[in-house]
Amino acid sequence: MPYEGRVLLTAVIAWASPLLLIVVYWLFWAILAPGFGIQNGVHAWFFNVILHGSGLWWLIAYFFIGVALYAGAELENAALAGIAVLLTIVSFCGAGYFAINLDKNEGRFYAGATTFYAHDPNQAPSSLHLITDNGNRNSDGCAIRGNHDVYSCIQKGDLSTAGWEPRVGSLDGAKIALSRATGAVQAVSLRTETITYLNGRGDAPGYWSGVMDGSGINVPLGGVAEWSGQGAATSCTFSGPYGIDRAFGGSRMNSLNNLIAEHFPLIGFDPSDVWGYCDGKEPIVVVPVTTPIPWTHRTVTAPAGVIVVRGDHGHTRLEYRPDVAAGALPGPVYPKSLTAQQRSENKWAAGREDMNRNHFGFDPASSDAQGGNVSEYLLRDKVTGRLQWVTPMTLRGSTSQLFVAYSVTPADEVHARNLNRQSVYVLDDNDPRRINIDNLDADARSWLATNAGTVMANGGKLVEFTPIDGDTWRGFVEFNGRVAYRMDISASHKAPVQLVELDNNGTAAAAHPGTPAASNADCGKMLSALTPAQLTRCAKVFVDELDTRQQQTQPR
């Protein structure tokens with residue numbers, strides 16, 4: 001081969017070497033070790049980083065550097081070398097520009113699906129002033145349209161006073177009850193991040209569910225466990241006609257993650273989005289999924305529908321549904337993880353400067369009273385019956401635990417590549433529903449100390465406040481992990497506290513407003529085990545019983 005040909009071939013190989021290395025890497029894992037699933041991420045990486053990210057600009061710059069060197073050293077063509085150097089500089093500038101704006105472009109994507117609501121936009125809460133100041137009135141279908149390079153829209157609206165249906169049990173209680181349903185099969189355990197509260201439909205009560213996952217190279221999914229908030233958990237298993245051969249915690253050819261990636265290379269999911277339910281005896285696992293889509297010289301994460309996982313006589317059957325109508329499945333189909341990401345991007349609505357310097361936006365609380373369970377509550381709207389992801393929020397950049405806004409996003413409907421609308425209801429500065437979660441926790445503890453004797457002194461732990469209507473919240477009292485009471489408390493004290501005692505199976509006894517209930521079973525316990533309120537209640541039970549017997553023995 002002539003010298004010029006060898007030089008040209010060497011240059012082409014040098015230019016193409018990055019792509020060749022990617023191809024060799026993919027072939028190695030795809031052919032020699034497919035069970036590990038490493039090759040499954042190459043497609044998505046190439047799509048995100050190279051085709052629709054700043055990586056493409058770096059490859060172009062690398063190419064023009066080679067052209068400049070080849071033209072100057074081998075061709076001795078100064079003009080071509082100069083043009084290549086100029087194009088290299090342009091490529092570096094393009095890569096730098098898009099790298100700098102990656103975060104803002106992501107914020108712009110999610111902000112386009114967010115609407116802020118205020119009772120009176122013309123006298124909006126102070127937390128929205130960075131949008132209302134210099135905002136455009138009655139513009140683009142908004143009462144106030146922000147005058148920034150990131151979309152922001154304020155409309156007239158109020159957080160519903162009807163609120164949401166309360167839960168029948170706590171997340172901590174569900175973890176304990178559901179874990180007891182997984183001990184019958186070796187190497188199968190409850191995947192705690194899949195525990196989901198499934199609100200009741202019609203006359204059916206709500207319940208908690210969790211996926212029993214397998215592990216290793218041989219143990220597939222075990223099934224789905226369900227707990228109604230009382231009694232023992234029940235389960236349905238991947239056995240017999242519902243047998244399956246993959247697990248989320250599996251490896252190599254037992255990996256359900258690998259199987260999903262092989263069938264859908266550009267689809268991903270977060271383990272915390274997975275949930276399951278029993279359709280009679282059949283366990284069904286639902287995986288809300290996401291996909292990257294191109295957006296202004298980058299990719300952003302968008303919903304992609306759901307994958308329904310079933311067992312079929314020892315094999316795994318995947319059903320991909322890009323669109324799911326509201327109510328088609330008993331739980332959330334819009335990913336919780338995507339909702340959290342969408343919610344966190346509300347900070348961009350007033351632009352980069354106000355986000356960084358003035359801390360615009362809203363965040364979940366960080367109070368210890370919530371025990372880390374602070375955002376994306378799956379609740380059913382009392383009026384519409386729709387499932388929603390609900391997050392009470394405080395001011396961003398503030399240490400205050402005062403709830404000033406609520407993020408509400410539909411959870412029971414999804415359409416691939418389209419974000420669900422996020423509604424941020426910002427409470428007026430004088431709205432009584434602007435509560436401080438630490439104060440609510442203190443009020444609850446004070447009430448318990450006054451009205452329920454030694455509940456807290458004997459080791460009770462007050463956990464997991466979830467909103468019912470913004471003013472009324474439900475919490476639970478636990479003893480060594482067992483939920484013993486549920487408590488409904490009004491932050492504004494408009495309604496009396498409701499405290500209901502639960503027995504060892506989680507069964508609720510009849511309760512009276514403002515006092516813990518005592519059943520006949522309670523009155524048969526050792527007196528030292530009863531609270532003062534229960535002693536009072538039992539005294540009345542004994543007097544009533546004595547009076548009834550005396551009337552029965554009186555002559556007629």
Side-chain angles (χ1 to χ4, degrees), residues 1-75 80-81 84-85 87-96 98-99 102 216-218 245-271 289-295 297-302 304 307 316 318 320:
M1 180 182 294
Y3 171 76
E4 293 80 3
R6 292 197 302 271
V7 172
L8 180 61
L9 178 62
T10 301
V12 170
I13 292 175
W15 291 335
S17 58
L19 295 178
L20 289 174
L21 287 174
I22 294 172
V23 172
V24 171
Y25 180 83
W26 183 89
L27 287 173
F28 173 83
W29 291 105
I31 296 175
L32 298 180
F36 289 91
I38 295 178
Q39 83 284 0
N40 295 334
V42 175
H43 189 180
W45 175 85
F46 189 80
F47 182 86
N48 286 317
V49 178
I50 303 300
L51 293 183
H52 300 287
S54 59
L56 179 61
W57 288 93
W58 295 113
L59 277 180
I60 293 173
Y62 176 79
F63 171 78
F64 282 126
I65 289 173
V67 171
L69 292 175
Y70 183 73
E74 298 298 330
L75 300 182
L80 179 59
V85 169
L87 291 175
T88 299
I89 295 173
V90 171
S91 299
F92 276 124
C93 290
F98 290 116
L102 283 178
I217 61 175
N218 293 319
D245 61 353
R246 299 273 179 153
F248 291 106
S251 58
R252 302 185 187 180
M253 301 307 292
N254 186 43
S255 171
L256 181 56
N257 299 16
N258 288 353
L259 182 65
I260 292 175
E262 288 168 6
H263 283 76
F264 314 101
L266 285 179
I267 281 180
F269 66 93
D270 190 291
V289 291
T290 60
T291 187
I293 63 173
W295 176 264
H297 300 281
R298 65 158 295 154
T299 60
V300 290
T301 303
I307 294 175
T316 303
L318 303 178
Y320 174 52

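Side-chain atoms of Arg298 come within 3.5 Å of backbone atoms of Leu102 as a donor-acceptor pair (strictly under, hydrogens ignored). Arg246 places a side-chain N or O within 3.5 Å of a backbone atom of Ser255 that can act as its donor or acceptor partner.
Taking the side-chain hydrogen bond (donor to acceptor under 3.5 Å, both in side chains) definition, one finds that Thr290 meets it with nothing, sequence neighbours left out. With sequence neighbours excluded, the residues satisfying side chain to side chain contact (heavy atoms under 4.5 Å, CB included) with Ile293 are Phe109, Thr291, Val300, Ala302, Arg417. Asp270 meets the side-chain hydrogen bond (donor to acceptor under 3.5 Å, both in side chains) test with Ser272; sequence neighbours excluded. Under the side-chain hydrogen bond (donor to acceptor under 3.5 Å, both in side chains) criterion, Thr316 pairs with Asp245, not counting sequence neighbours. Ala81 is linked by a side chain to side chain contact (heavy atoms under 4.5 Å, CB included) to Ala71, counting only residues two or more places apart in sequence or in another chain. By the side chain to side chain contact (heavy atoms under 4.5 Å, CB included) test, Ile307 is found to be paired with Ile260, Phe264, Ile267, Val287, Val289, Val309, Leu318, Tyr320, residues two or more places apart in sequence or in another chain being considered.
Residue Phe64 comes nearest to Ser91 through the heavy atom pair CD1-OG, 3.8 Å, listed as atom of the first residue, atom of the second, then distance.
The shortest distance between side-chain heavy atoms of Phe92 and Thr88 falls below 4.5 Å.
Distance check, rounded to the nearest 0.5 Å: CE of Met253 to CG of Asn258 gives 8.0 Å. Between atom CH2 of residue Trp295 and atom OG1 of residue Thr301 there is a gap of 13.5 Å, rounded to the nearest 0.5 Å.
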